[in-house]
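Bear in mind that the values here come from a model prediction, so they are computed numbers and not experimental data. Each ligand, and each atom within it, is numbered from 1 in the order the structure gives. Residues take their numbers from the sequence shown, with the count starting at 1.
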Amino acid sequence: MPADTPPPSSPALPPSRGKGASDLTEAEALDELTVLADELAAHDIRYYQDEAPTVSDAEYDVLKRRNEAIEAVFPHLVRDNSPSMRVGAARAEKFSPVEHGVPMLSLDNAFSDEEAAEFDARVRRFLKLGEEEVAYTAEPKIDGLSASLRYEDGRLVQGATRGDGRVGEDVTENFRTINDIPSRLKGFGWPEVIEIRGEVYLGHADFAALNAAAEAAGQKTYVNARNAASGSLRQLDARITAARPLRFFAYTWGLISAPFAQTQGEALAMLAEWGFKTTPQTQAVKGLSGLLRAYADFSKQRPKLTFDIDGVVYKVDRLDWQQRLGFVSRSPRWAIARKFPAEQATTVLRAIDLQVGRTGAITPVARLEPVFVGGVTVENATLHNADEIARKDIRVGDTVILQRAGDVIPQVLGPAPDTPRGPEPYAFPTHCPCPLHTPLARETTASGAETVVRRCTGEFACPFQRIEHLKHFVSRRAFDIEGLGEKQLVAFYEEELVREPADIFRLARDEAKLASLREREGYGEVSIRNLVAGIEARRTIALDRFIYGLGIRHVGETTAMTLARGYLTAEAFLAAMDKVADRDPEAVEELDALDQVGAAVIEAAAAYFAADHNRRIVAALVGELDIQDALAPKTDTAVAGKTVVFTGSLEHMTRDEAKAQAERLGAKVSGSVSKKTDLVVAGPGAGSKLKTAAELGIQVLTEDEWLALVGA
Ligand code: IVH
């Protein structure tokens with residue numbers, strides 16, 4: 001690996017993340033959803049496949065909720081592979097895929113009494129129960145990994161991990177080694193076909209012994225019992241699994257050929273009769289008061305339990321009610337996980353280091369006197385950002401309170417009261433620790449508001465960011481190079497075949513480098529031909545895609561299109577940007593005059609083109625390309641100059657097509673309805689935007705009326 005490959009870092013927050021989802025522009029929403037999808041997918045892999053998560057469950061939940069909030073406001077931006085459609089991670093390649101008879105979903109979380117109350121209220125509202133108290137089960141939320149065991153005629157025929165919720169990994173032989181999993185069901189009354197679901201876990205004592213043995217043998221130890229359980233189960237050699245004292249609790253089921261119980265309580269009793277272990281702590285409770293009492297009770301029991309739990313699962317007891325309540329997105333409406341708060345400890349803050357994230361955002365990291373909290377020894381924790389450090393007056397030398405929820409990357413909450421303080425307030429560095437030592441500026445949002453993030457402006461030239469910029473460059477909406485996916489790009493980057501965009505186009509013409517590719521495993525003549533063809537196909541590129549691909553902050557697709565239409569040729573655009581970088585008043589004014597270009601874009605463009613490394617990289621790229629002039633926007637159509645919002649579903653065209661068509665005809669397409677909107681085109685399922693349009697008295701058209709208007 002090259003020396004300047006960035007170290008792993010915590011996710012960098014896009015500047016728009018400080019805003020409410022409904023305050024985002026469409027471009028910001030798209031940017032953020034893209035970043036969130038990447039982040040969540042990476043966390044999923046680290047959690048499910050590598051068994052080495054790098055963020056806490058709570059931090060993960062924040063990301064997931066943010067993703068859902070943005071999708072709720074911008075439903076047309078929901079990606080096919082959205083994190084909200086996924087539970088868990090794609091399975092690793094080493095096991096065969098198993099499609100679950102019924103998908104394995106996940107539970108929504110509640111973090112407070114208020115959220116538990118909302119859950120209970122929602123259940124009663126949905127079932128129209130009025131004041132009637134609902135019967136629930138309250139079960140320990142076992143912190144292991146979920147498993148689905150298929151029994152046919154009472155025999156275990158297949159066992160699978162959850163995988164992505166739809167398709168898991170076949171680890172049947174490994175399950176057969178677990179004592180708590182019967183290979184034949186006992187008793188009677190089991191359906192002919194049933195998928196038994198539950199949690200594989202390791203008890204505390206067994207986990208400690210496993211790690212002690214690993215340490216003695218000089219092998220890698222596991223961070224916590226769940227990761228150890230997951231690692232132990234997902235072994236190719238079932239003999240290794242057999243040597244690990246894995247346990248299993250059954251708590252629910254998937255596919256069944258016939259119903260076998262009327263309540264969750266009854267079902268659990270049946271599972272026990274058939275030979276499964278069920279959690280003895282499970283309680284039958286009534287109403288909200290029962291839910292809250294159970295939570296208090298489980299919190300008290302938790303330290304005495306012999307296995308890890310991370311909360312309480314509440315389930316509506318009556319199965320017919322569960323059926324009526326059904327599911328919302330990927331979670332049942334009839335159950336919720338009430339999570340325990342994070343564990344805390346105090347320790348001494350030795351130093352503060354700066355980490356440069358994938359997008360240049362700087363995260364201060366606390367280096368701590370090692371301390372044991374939440375089941376692991378912690379030495380590093382996030383301090384979030386400069387403002388947080390200042391607000392909490394965190395100083396090097398302080399004794400601080402450390403919090404760790406569920407898993408790794410814990411956070412420093414602030415100085416512990418009544419402990420000696422560090423000698424002086426922390427002065428946040430003014431320059432980036434990357435080799436470019438760029439001055440760190442406070443980041444602004446697209447609307448010009450300052451955020452808490454400080455960012456390195458090294459872009460392509462910063463070794464910590466370069467790969468992310470390259471990924472953006474080849475992404476679908478930028479250069480979209482067929483045959484050059486993220487995986488290949490990262491491999492090419494690490495082998496130093498591609499270090500900047502121009503290298504991609506040089507590669508296609510470099511016989512020596514192509515020959516070196518031929519020696520790589522999995523790279524045949526056909527893939528090389530396809531790669532070269534994919535690259536060559538993009539040597540000719542539309543100006544707006546070129547501009548978007550540069551990855552200038554705040555220049556999303558829409559702004560890139562505006563810039564392309566404003567300057568029409570690459571030469572004019574680049575000449576203008578050079579002047580903007582020099583703060584030439586006329587050039588700045590010309591840029592400012594373009595629709596939707598404000599202070600943030602001007603600042604970002606000026607900073608980008610003021611940096612010599614960026615100019616050099618852009619010049620090299622331009623030398624490789626044939627950039628097509630943009631067409632001046634039409635001014636003689638019915639919709640020229642109008643701002644249009646599409647909402648609801650469209651029947652005759654995709655949203656991208658509708659947008660492209662409108663833009664071709666000189667209209668501007670926006671994601672949200674405001675006073676500036678001229679037309680709203682509403683299809684079936686249109687919601688809040690339609691309401692806003694009515695409130696603002698904006699003209700609303702059906703899709704057909706729109707097509708008639710534009711003469712399509
Ligand atoms: S019921 C529709 N009950 O928590 C989901 N899950 O995100 C039904 N878990 O994937 C799950 N203890 O791995 C259920 N008593 C319990 C549980 C439990 C732990 C896990 C399970 C699930 C996750 C929820």
Ring centers of [X], [Y] separated by less than 6.0 Å:
{"X": "Y295", "Y": "F340", "result": "yes"}
{"X": "F260", "Y": "W253", "result": "yes"}
{"X": "W334", "Y": "F126", "result": "no"}
{"X": "F111", "Y": "F119", "result": "no"}

Exercise. Would you indicate whether the side-chain heavy atoms of F207 and Y222 approach each other to under 4.5 Å?
Key: yes
Does at least one non-hydrogen atom of [X] fall below 4.0 angstrom from an atom of ligand 1?
{"X": "A337", "value": "no"}
{"X": "S331", "value": "no"}
{"X": "K315", "value": "yes"}

Quick one: look up the protein heavy atom nearest [atom] and list residue, atom name and how far away it is.
{"atom": "atom 20 (C) of ligand 1", "value": "E199 OE1, 3.5 Å"}
{"atom": "atom 5 (C) of ligand 1", "value": "L105 O, 3.6 Å"}
{"atom": "atom 21 (C) of ligand 1", "value": "Y251 OH, 2.9 Å"}
{"atom": "atom 23 (C) of ligand 1", "value": "K141 NZ, 4.0 Å"}

Give the atoms of ligand 1, by number and element, whose distance to some non-hydrogen atom of [X] is under 4.0 Å.
{"X": "S146", "answer": "10 (O), 13 (O)"}
{"X": "P332", "answer": "2 (C)"}
{"X": "P140", "answer": "12 (N), 15 (N)"}

Check this for me - ligand 1, [X], N or O atoms closer than 3.5 angstrom, yes or no?
{"X": "I142", "result": "yes"}
{"X": "L107", "result": "yes"}
{"X": "T252", "result": "no"}

Practice problem: Under 4.0 Å, heavy atoms only, figure out whether ligand 1 is touched by the backbone of E139, its side chain, both or neither. | Solution: side chain
Self-check item: Region of R162 that comes within reach of ligand 1 [heavy atoms, distance under 4.0 Å]
Solution: side chain
Self-check item: Side-chain (S232) to main-chain (A228) donor-acceptor, under 3.5 angstrom
Solution: yes
Exercise. Mark yes or no for whether E195, through its side chain, and L255, through its backbone, hold a donor-acceptor pair below 3.5 Å.
Key: yes
Practice problem: Decide whether E139 and T137 meet the rule of one side-chain donor and one side-chain acceptor closer than 3.5 Å. | Solution: yes
Self-check item: T263 versus R318, side-chain donor and acceptor atoms under 3.5 Å
Solution: no
Quiz item: How are the rings of Y151 and F276 set relative to one another: parallel (under 30°), tilted (30 to 60°) or perpendicular (over 60°)?
Solution: perpendicular
